[in-house]
Peer 1: 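So that we are looking at the same thing, I have put the structure below in structure tokens.
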2 protein chains.
Amino acid sequence: MLRPGALPQSDCGPHQLLVETRYLSLDPYMLRALSGQGRRRFAVGAPMRGRVIGQVIQSSVEQFPIGSLVLGEAPWQTRSVLDPAGLQIITGEDEHEIAAHLGVLGTPGITAWLGMRHLARPLADKTVLVSSAAGAVGGLAGQIAKLSGAHVTGIAGGAEKVGYVTQTLGLDACLDRHDPDFLAQLDGLRPVDIYFDNVGGRTLDRILARMATDAKILICGQIEQYSPNSPPPITNFHYVLERRLQIIGFGVSQIGARQAAARSDLKTWLKHGRIAARTNFVDGLENAAETLFKLLEGAHAGKTVVRV
Amino acid sequence: MLRPGALPQSDCGPHQLLVETRYLSLDPYMLRALSGQGRRRFAVGAPMRGRVIGQVIQSSVEQFPIGSLVLGEAPWQTRSVLDPAGLQIITGEDEHEIAAHLGVLGTPGITAWLGMRHLARPLADKTVLVSSAAGAVGGLAGQIAKLSGAHVTGIAGGAEKVGYVTQTLGLDACLDRHDPDFLAQLDGLRPVDIYFDNVGGRTLDRILARMATDAKILICGQIEQYSPNSPPPITNFHYVLERRLQIIGFGVSQIGARQAAARSDLKTWLKHGRIAARTNFVDGLENAAETLFKLLEGAHAGKTVVRV
């Protein structure tokens with residue numbers, strides 16, 4: 001480990017780090033921002049930004065020695081000069097353990113925990129429905145609901161993902177949104193106590209009519225609406241009053257003081273094999289944009305990460 | 001007071017009362033039920049039913065002596081044989097005090113209390129918006145929010161009601177939904193922390209875009225949608241996620257153990273002149289149906305009651 005002051009300072013300010021990018025996190029909120037929705041905006045002409053994992057290659061900050069792996073927000077480029085304030089050091093035995101900090105132990109995991117363990121509770125014996133159930137957040141939300149004693153049905157696109165949801169993740173059932181009679185299958189669901197929604201749009205509208213009295217809808221994502229077209233209108237809003245529904249829009253920024261509890265739960269579950277989490281590695285910074293837009297189609301089960 | 005057993009039993013069973021109807025409560029939920037929405041249904045061919053105040057004219061039940069005033073659900077007819085189980089005895093010095101049991105001390109008051117004092121809190125220094133602010137529920141909701149330290153703007157239809165809301169009820173401001181530029185006025189509101197919604201429809205849709213981050217919408221009524229036409233779709237639902245909104249559909253049936261606290265607060269406020277409540281008396285059972293449908297147009301400020 002090099003000591004501060006012994007380092008070449010060519011690229012860094014006195015309290016900065018030069019970081020070589022290793023992994024980029026691809027997240028649906030980026031599509032929301034690019035479609036002009038949401039509070040977050042990306043500056044036109046500037047590089048995309050997001051959560052990245054990188055390796056420190058130049059440092060004058062004692063707590064961040066050269067060679068250490070760091071997690072934080074950074075531009076999508078091969079190297080960045082970063083302030084240590086927004087960074088945390090991470091460790092991992094292998095690439096999957098390292099990338100888990102962008103998935104199950106990162107924003108997707110904490111988001112799923114916040115929705116299911118905090119906002120949706122109590123869950124025991126409840127009927128839970130999760131959309132994008134093979135996705136980074138949905139896959140964890142469904143498993144957390146199962147751990148909490150709920151009966152959980154997922155929604156995913158295609159036979160491979162449906163198999164992943166029921167066999168690998170262990171949900172009780174999974175509907176295939178590519179089935180020609182998918183909407184009719186929704187209509188046949190038994191009343192839903194908690195709908196953890198990652199898609200919004202027409203699916204949400206249809207499910208509003210299937211909610212139980214006093215049920216909750218957690219709005220975590222609206223990926224059906226992140227295309228440049230206008231989002232489809234909601235026609236079944238009247239059920240909110242008729243069935244006394246609670247609809248809660250939420251995001252990971254609300255985790256606050258619960259962050260430590262969330263991380264602790266997720267680490268414990270992961271360590272004891274009580275939750276599964278798949279990471280898809282896509283090689284090459286040059287493929288990041290195309291891979292991001294493939295999230296709209298739900299190309300992969302699990303968390304998608306670009307290996308730079 | 002006549003003793004049980006000393007009464008003629010011609011119309012009543014041994015544990016029943018013959019009640020002469022005095023006042024009928026007219027409520028927006030009836031329009032919702034008639035439009036085919038909601039869980040409540042009225043049987044075709046049977047008399048309308050609702051909350052009524054009546055006077056006991058025949059009784060074999062000691063707790064309900066002849067001459068006492070009772071409140072409960074009954075058909076819209078001049079006399080009814082009723083079970084005492086669903087009835088409560090009420091008192092009042094005059095007609096306004098008696099009819100208050102259908103308004104400020106009854107379902108509208110308890111509904112407004114439940115929304116503002118329980119679901120919306122904390123209210124101090126919050127920016128609150130109330131639709132149907134001259135109505136039976138909205139008028140009380142707005143005043144309760146003021147008592148709790150909020151800055152409260154109402155929405156009402158026409159100059160007379162706007163004056164009632166700002167002068168009699170004491171709200172800080174009131175928009176007139178009959179103004180040609182009403183929707184533009186909504187767009188000019190400062191961000192709303194709590195919207196107490198009695199109308200739904202296009203007004204709600206427009207207000208979704210004016211909500212502050214982490215704001216709440218309490219869905220108490222949707223009178224814009226109680227016509228036989230399809231309810232207008234919601235196009236601004238995406239703000240639920242973008243602004244982390246909570247939308248809560250609720251009804252008076254959820255009051256539960258808080259009923260005593262609600263009644264006590266409302267009685268105290270009324271006694272000390274901290275809340276105002278107007279009752280409109282419309283004469284004649286034969287005018288009840290027409291008067292009910294006039295609620296759709298917001299014909300009266302305050303609570304409307306039919307004097308039978």
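No experiment lies behind these values; they were computed from the predicted model shown. We use all heavy atoms of the structure for the numbers below, so side chains are in, but hydrogens, waters and symmetry mates are not. Each chain gets a letter, A, B and so on, in the order the sequences are listed, and its residues count up from 1.
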Peer 1: List the atom pairs, donor and acceptor, that lie under 3.5 Å between side-chain atoms in residues 122-131 of chain A and the rest of the protein, sequence neighbours left out.
Peer 2:
residue   : atom : partner   : partner atom : Å
Lys126(A) : NZ   : Pro122(A) : O            : 3.1
Thr127(A) : OG1  : Arg190(A) : NE           : 3.4
Ser131(A) : OG   : Tyr195(A) : OH           : 3.0
Ser131(A) : OG   : Asp197(A) : OD1          : 3.1
Ser131(A) : OG   : Asn198(A) : N            : 2.8

Peer 1: Looking at residues at least two apart in the chain, or sitting in another chain, which of them share a side chain to side chain donor-acceptor pair (under 3.5 Å) with Arg117(A)?
Peer 2: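 Only Ser148(A) meet the side chain to side chain donor-acceptor pair (under 3.5 Å) criterion with Arg117(A).
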Peer 1: With a 4.5 angstrom heavy-atom cut-off, is it the side chain or the backbone of Leu204(A) that approaches chain B, or both, or neither?
Peer 2: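 Answer is side chain: those atoms of Leu204(A) sit under 4.5 Å from chain B.
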Peer 1: Can you tell which of Ile219(A), Asn236(A), Asp214(A) has the highest number of heavy-atom pairs within less than 4.5 Å of chain B?
Peer 2: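 With the most close heavy-atom pairs to chain B, the winner is Ile219(A).
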Peer 1: Write down the atom of Ile247(B), the atom of Val240(A), and the distance for their closest heavy-atom approach.
Peer 2: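 For Ile247(B) and Val240(A), the tightest heavy-atom pair comes out as CG2-CG1, 3.9 Å.
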Peer 1: Determine the minimum heavy-atom distance between Arg244(B) and Ser253(A), stating which atoms define it.
Peer 2: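 Scanning both residues, the minimum pair turns out to be NH1-OG, 2.6 Å.
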Peer 1: With a 4.5 Å limit on heavy-atom distance, are the side chains of Asp205(B) and Phe237(A) in contact?
Peer 2: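 Answer no - side chains too far apart.
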Peer 1: Heavy-atom pairs under 4.5 Å with chain A: which of Leu245(B), Ile248(B), Thr235(B) has the most?
Peer 2: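 If we count pairs closer than 4.5 Å to chain A, Leu245(B) comes out on top.
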Peer 1: Within the supplied structure, the quantity of interest is the number of heavy atoms (other residues, nucleotides, ligands) at a distance under 6.0 Å from Arg258(A) CZ; does it exceed 12?
Peer 2: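 Counting other residues, nucleotides and ligands, CZ of Arg258(A) stays at 12 neighbours or fewer.
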Peer 1: Compare all side-chain heavy atoms of Arg32(B) with those of Glu242(A) and state whether any distance is below 4.5 angstrom.
Peer 2: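 When only atoms from C-beta onward are counted, Glu242(A) and Arg32(B) do touch, with a gap below 4.5 Å.
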Peer 1: Around atom CZ of Arg202(A), are there more than 12 heavy atoms of other residues, nucleotides or ligands at under 6.0 Å?
Peer 2: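 Open.
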